[in-house]
Amino acid sequence: MVGWQSSRQWDARTAYMVNTGLLPAHRGQGLYTRLLPPVLAALGARGYALVRSHHHATNNAVLVPKLRAGFRVQGLQVDDHGVMAVLIFSFEGLYREYMDVRSGLKRPAGEVARALGLEEP
């Protein structure tokens with residue numbers, strides 16, 4: 001065994017990646033980056049439109065691979081665990097575009113701009 005991954009249903013359309021861990025001897029080798037695509041594929045195959053996760057805001061070992069895999073930062077929350085980054089992955093292209101606009105990564109364009117009642121630049 002090199003590690004584990006656990007996910008559960010958050011709501012009707014969202015899976016929640018609860019916990020993933022790699023044993024110390026297997027960290028730093030890109031395994032987490034390689035684990036994400038099959039986990040996301042399995043959750044998508046189960047019909048989830050979104051995948052949510054929470055991580056310490058300084059946990060770059062998880063945040064960087066997830067952002068590269070297409071997760072978007074939805075916000076920060078402070079709770080008993082400390083300052084947590086809330087990440088969302090969307091299998092739906094339009095929703096992903098909304099997330100990019102909402103977070104300031106992109107200007108509204110195309111269908112998103114029309115849905116928001118904005119003229120395309």
| Minimum side-chain heavy-atom gap Val51-Phe91 below 4.5 Å | yes
| task | Answer yes or no: is there a side-chain heavy-atom contact under 4.5 Å between Phe71 and Leu40? | result | yes
| What distance do Glu111 atom CD and Leu94 atom CG have between them, rounded to the nearest 0.5 Å? | 4.5 Å
| said: Can you list everything that forms a side-chain hydrogen bond (donor to acceptor under 3.5 Å, both in side chains) with Asp80? Sequence neighbours excluded, please. | reply: none
| field | hydrophobic_cluster_shared for Leu43 and Leu35, side chain cutoff 4.5 Å | value | yes
| request: Under the side-chain hydrogen bond (donor to acceptor under 3.5 Å, both in side chains) rule, collect the residues that match up with Arg52, sequence neighbours excluded. | output: His54
| field | Any side-chain heavy-atom pair of Arg72 and Asp100 under 4.5 Å | value | yes
| 4.5 Å side-chain heavy-atom contact, Leu87 and Leu63 | yes
| field | Flag, side chain of Arg96 to backbone of Ser90, donor-acceptor distance under 3.5 Å | value | yes
| Quick one: does Ser103's side chain get under 4.5 Å of Val73's, heavy atoms only? | no
| said: Could you measure the distance from the CZ atom of Arg102 to the CD1 atom of Ile88? Nearest 0.5 Å is fine. | reply: 9.0 Å
| Are Met99 and Val86 in one and the same hydrophobic cluster, where Ile, Leu, Val, Met, Phe, Trp and Tyr link if side-chain heavy atoms are under 4.5 Å apart? | no
| Checking Arg8 side chain against Ser6 main chain: does a donor-acceptor pair fall under 3.5 Å? | no
| field | Spacing of CG belonging to Leu67 relative to CG belonging to Asn60, to within rounding of 0.5 Å | value | 9.5 Å
| task | Go through the steps to decide whether Gln9 and Arg46 satisfy the test side chain to side chain donor-acceptor pair (under 3.5 Å), and finish with yes or no. | result | CA-CA 10 Å; Gln9 186 170 357; Arg46 289 183 175 237; over 6 Å; no
Pairs under 3.5 angstrom only: tabulate donor-acceptor contacts from the side chains of residues 12-25 to other protein residues two or more places apart or in another chain.
residue	atom	partner	partner atom	Å
Arg13	NH2	Glu92	OE1	3.1
Thr14	OG1	Asp11	OD1	2.8
Asn19	OD1	Trp4	NE1	2.3

| message | Quick check: do Lys66 and Leu36 have side-chain heavy atoms less than 4.5 Å from each other? | response | yes
